[in-house]
Amino acid sequence: MIFKLLKFIKGYEKAALLAPLCVIIEVICELILPRLMSGIIDVGINGSGGFAYILRTGAIMLALAVCSMITGVSSSKFASTASQGFGANLRKAMFDSVQDFSFADIDRFSSASLITRLTNDVNTIQQMVGMGLRILVRAPMVLIVALVICRSINARLTLILLAVVPFMAVCIALLMSVCRKLFRAFQERIDGLNDSVQENLIAIRVVKAFVRESYEKEKFRARNDALRTAAVKTATRVVFMHPIMQICFNVAIVFVLWFGGQYVTGGNLLTGDLYSFISYITNVLMSVMMIAFTLLTVTRARACADRINEVLETVPDIRDGSADPAHLPPARGSVEFRDVSFKYVSTGTGDDVLSHIDLSIAPGEFVAVIGGTGVGKSSLVNLIPRFYDVTGGQVLVDGMDVRDYPLERLRERIGMVLQNNILFSGTIRENLLWGDPEATEEQMIAAAKNAQAYDFIMSFPDGFDTYLEQGGVNVSGGQKQRLCIARAMLRRPPILILDDSTSAVDSATEAAIRSSFSENLKGTTVIIIAQRISSVRSADKIVILDDDHIAGLGTHEQLLATNKIYQEIYMSQQEGVSD
């Protein structure tokens with residue numbers, strides 16, 4: 001799975017090639033040094049070379065050490081550049097994929113898990129790439145070259161290495177097989193912890209209002225303990241690596257000193273050769289240890305790579321239609337539901353939220369949708385811009401099935417104020433211009449006035465340049481709703497959908513907003529979901545949803561005369577007014 005991600009090194013290939021090249025030069029310089037030191041001992045000190053040989057060889061060693069240092073620093077720089085670039089490309093690709101996800105795709109992964117995959121998982125892969133460009137080049141090269149040199153010095157002593165290294169390799173393989181599942185479980189526990197923190201911070205006002213801090217602390221403690229347990233379980237396996245490697249290392253050194261000392265005493269091996277042999281065997285064993293710890297990182301990276309590839313390989317439930325953008329029907333604002341059924345597949349219940357819905361909305365009509373909680377009002381309007389796809393029937397916009405539209409072109413025709421009013425961190429101006437980035441100052445002011453937002457905006461010292469915190473937490477609920485309505489009106493779409501988006505404003509302000517629709521959005525089809533009869537009584541058409549079907553359709557007067565559900569809603573609200 002990791003190899004599938006290597007394509008994201010694109011743009012940093014040069015650094016990715018220079019890093020291992022520098023490592024190779026560094027290793028060559030380092031591996032020459034013990035042989036030169038052996039010559040100083042055997043020729044310069046114990047032989048006839050004398051002080052001149054020592055100085056000459058020492059100068060060569062110094063030059064090699066400097067070269068090794070320069071190439072070592074360079075390899076680190078190139079590896080860092082390549083790994084950071086790889087991480088940036090991978091994060092961008094994942095973010096781009098998430099932007100194409102449907103609501104159902106996001107529901108399946110959960111936002112907390114996607115955040116973990118975009119951050120923690122990518123960082124792990126990025127670290128592995130950085131290590132791979134250096135250690136996974138350096139260690140095998142040192143291992144192979146040092147073994148060859150050891151054999152040239154003394155073949156019998158080299159047999160000690162050939163006995164120890166395979167044993168170390170088997171230990172590494174067994175440990176990797178055990179740790180792979182543990183690393184994936186560890187990452188999933190991070191998902192759970194992030195989900196708890198994210199949910200708590202988003203709903204912190206609700207938590208405090210209901211004095212549920214103790215409950216949230218206990219929920220966090222449980223997930224935090226689960227993460228700790230997973231981390232300890234993984235660490236207790238990984239910790240075996242170091243003592244096993246250290247025991248093998250020390251046993252090999254003891255045997256080399258024991259037999260090597262006998263060879264030196266017997267005149268079969270020079271003192272300098274034994275010194276260089278010990279240096280090389282140390283390099284070999286250290287290389288095996290480096291490979292072991294790197295492979296553990298690779299094992300964790302594989303678990304992360306699986307999770308990342310799940311995101312990258314997910315085919316969005318909702319994709320562009322096949323219609324030619326140049327031959328789309330004119331944007332008039334008509335909407336039609338033909339025998340529409342819908343259910344949330346991710347819930348697994350199999351129950352229809354909407355069943356056999358037939359509804360026709362003409363261009364420019366003002367249509368209201370009312371009904372009890374959970375009857376599918378939001379689900380109905382979410383089918384128009386294809387936030388979800390129907391499970392039966394058709395939704396048509398301007399006479400064409402919404403599934404045939406390119407998504408961008410379909411959603412350009414629709415302005416939407418969602419039930420949850422979302423504002424982004426930035427100025428009020430920046431938030432409003434989401435509706436139309438090319439809008440003039442006059443158009444923006446007009447939209448704010450039409451949404452009854454202008455007066456409170458200008459009451460702020462900075463006016464339209466007032467900074468909004470993330471989610472718009474520094475404005476009231478009613479102000480947030482009006483800003484979201486202004487943003488949608490600035491777009492001047494053929495279809496405007498408002499999902500219970502005036503619930504936090506008073507009746508007079510709501511009436512002024514409705515009036516602005518007819519005066520300033522002439523020709524725009526307006527579909528609103530509302531709970532108050534006062535919000536819908538002027539609608540051209542009122543749709544009553546009950547359970548999963550349309551239980552009434554008509555004007556206020558028609559429904560008041562003939563529809564029992566509408567009568568009950570009307571009378572209950574009239575009683576509230578009388579009281």
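Note that the numbering runs from 1 along the sequence shown for the chain. We use all heavy atoms of the structure for the numbers below, so side chains are in, but hydrogens, waters and symmetry mates are not.
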Could you check whether any side-chain heavy atom of Phe109 comes within less than 4.5 Å of a side-chain heavy atom of Glu310, counting everything from C-beta outward? yes
Under the side chain to side chain contact (heavy atoms under 4.5 Å, CB included) rule, what do Leu545 and Ile550 come out as? Steps first, then yes or no, please. CA-CA 5 Å; Leu545 286 181; Ile550 293 178; 3.9 Å; yes
Please give me the minimum heavy-atom distance between Leu354 and Ser379, naming the atom from each residue. CD1-C, 4.1 Å
From Asp339 atom CG to His356 atom NE2, the distance as rounded to the nearest 0.5 Å: 5.5 Å
For Arg411, which residues count as a side chain to side chain donor-acceptor pair (under 3.5 Å) partner, sequence neighbours excluded? none
Using a 3.5 Å distance criterion without hydrogens, assess whether the side chain of Glu216 forms a donor-acceptor pair with backbone atoms of Glu213. no
Any pair with a residue in residues 449-466 that passes side-chain hydrogen bond (donor to acceptor under 3.5 Å, both in side chains), sequence neighbours left out, goes on the list, sorted by first then second residue, please. Arg429-Asp465, Asn450-Asn520
With sequence neighbours left out, what residues match Glu218 under side chain to side chain donor-acceptor pair (under 3.5 Å)? Arg221
For Asp389, the side chain to side chain donor-acceptor pair (under 3.5 Å) test, sequence neighbours excluded, returns Arg386
Shortest non-hydrogen contact from Ala486 to Leu432? CB-CD2, 3.9 Å
Can you give me the closest heavy-atom contact between Ala323 and Leu328, atom names plus distance? CB-CD2, 3.9 Å
As a quick check of understanding, evaluate side chain to side chain contact (heavy atoms under 4.5 Å, CB included) for Phe460 and Ile428, giving each step before the final call. CA-CA 11 Å; Phe460 298 138; Ile428 291 176; 4.0 Å; yes
Roughly how far apart are Leu182 CG and Arg189 CZ, rounded to 0.5 Å? 10.5 Å
Is it true that a side-chain atom of Asn563 and a backbone atom of Ala551 form a donor plus acceptor pair closer than 3.5 Å? yes
Just checking Phe95: does its CZ atom have more than 12 heavy atoms from other residues, nucleotides or ligands closer to it than 6.0 angstrom? no
Before giving the answer on side chain to side chain contact (heavy atoms under 4.5 Å, CB included), spell out for Ile528 and Val369 the whole-Å C-alpha distance, their side-chain angles and the decisive distance to 0.1 Å. CA-CA 6 Å; Ile528 71 166; Val369 182; over 6 Å; no
Measuring only between side-chain heavy atoms, which start at C-beta, is His556 closer than 4.5 Å to Ile533? yes
Among Leu423, Asp436, Val417, which residue meets the side-chain contact (heavy atoms from CB on, under 4.5 Å) test with Arg487? Leu423
Check: Gly333 main-chain N/O paired with Asp398 side-chain donor or acceptor under 3.5 Å: yes
Examine distances only and state if a side-chain atom of Asp499 and a backbone atom of Lys377 form a donor-acceptor pair shorter than 3.5 Å. no
Taking Gln394's backbone N and O only, do any of them form a donor-acceptor pair with Asp401's side chain (distance below 3.5 Å, no angle check)? no
Quick one: does Tyr467's side chain have a donor or acceptor within less than 3.5 Å of a partner on Ser425's backbone? no
Test: Arg307 and Asp191 ion pair at under 4.0 Å: yes
For Asn431 and Thr427, indicate whether the former's side chain and the latter's backbone hold a donor-acceptor pair under 3.5 Å. yes
Salt bridge (Lys or Arg N to Asp or Glu O under 4.0 Å) filter on Asp500, not counting sequence neighbours, yields none
Just how far is it from atom CZ of Phe86 to atom OH of Tyr12, taken to the nearest 0.5 Å? 12.0 Å
Pro316 side chain near Asp100 side chain, heavy-atom distance below 4.5 Å: yes
Locate the shortest heavy-atom distance separating Leu496 from Ala488; write the atom from each residue and the value. CD1-CB, 3.7 Å
Would you call Ile370 and Val543 a side-chain contact if the rule is heavy atoms closer than 4.5 Å? no
So for atom OH, which belongs to Tyr215, do other residues, nucleotides or ligands contribute more than 12 heavy atoms lying within a distance under 6.0 Å? no
Nearest 0.5 Å, please: how far is CG in Leu5 from CG in Asn89? 11.5 Å
Side chains of Phe220 and Leu193 in contact at under 4.5 Å (non-hydrogen atoms): yes
Residues passing the salt bridge (Lys or Arg N to Asp or Glu O under 4.0 Å) test with Arg492, sequence neighbours excluded, are none
Please step through side chain to side chain donor-acceptor pair (under 3.5 Å) for the pair Gln531 and Ser535, ending with a clear verdict. CA-CA 8 Å; Gln531 304 295 337; Ser535 302; over 6 Å; no
More than 12 heavy atoms from other groups under 6.0 Å of NZ on Lys219: yes
Flag, side chain of Gln567 to backbone of Leu560, donor-acceptor distance under 3.5 Å: yes
Side chain to side chain contact (heavy atoms under 4.5 Å, CB included) between Val375 and Asp548, intermediate numbers included: CA-CA 6 Å; Val375 297; Asp548 58 1; over 6 Å; no
Does the ring-ring contact (aromatic ring centres under 6.0 Å, His included) test come out yes or no for Phe366 and Phe517, once each step is laid out? CA-CA 9 Å; Phe366 176 23; Phe517 291 157; 7.1 Å; no
Please find the pair of heavy atoms, one from Glu412 and one from Arg491, that lie closest to each other, and give the distance. CA-NH2, 3.3 Å
Hey, are the side chains of Ile457 and Leu483 touching, using non-hydrogen atoms and a 4.5 Å cut-off? yes
Check the surroundings of atom CD in Glu568: do more than 12 heavy atoms from other residues, nucleotides or ligands lie under 6.0 Å from it? yes
Which is it for Glu557 and Arg537 under the salt bridge (charged side-chain N to carboxylate O under 4.0 Å, His left out) test, yes or no, and what are the steps along the way? CA-CA 8 Å; Glu557 290 76 15; Arg537 65 186 305 158; 5.8 Å; no
Gap separating the NE2 atom of His549 from the CD1 atom of Ile544, nearest 0.5 angstrom: 10.5 Å
Between Asp320 and Leu407, is there a donor-acceptor pair closer than 3.5 Å when you use the side chain of the first and the backbone of the second? yes
Determine whether Phe337 and Val335 make a side-chain contact, defined as any pair of heavy atoms from C-beta on separated by less than 4.5 Å. yes
Has Gln127 got a side-chain atom pairing as donor or acceptor with Thr124's backbone, closer than 3.5 angstrom? no
Considering all heavy atoms, the nearest Glu365-Ala362 contact: OE1-N, 2.9 Å
Return the CD1 to CZ distance between Ile308 and Arg91, rounded to the nearest 0.5 Å. 10.0 Å
Would you say that Met416 contacts Ile527 through its side chain, given a criterion of any heavy-atom pair below 4.5 Å between the two side chains? no
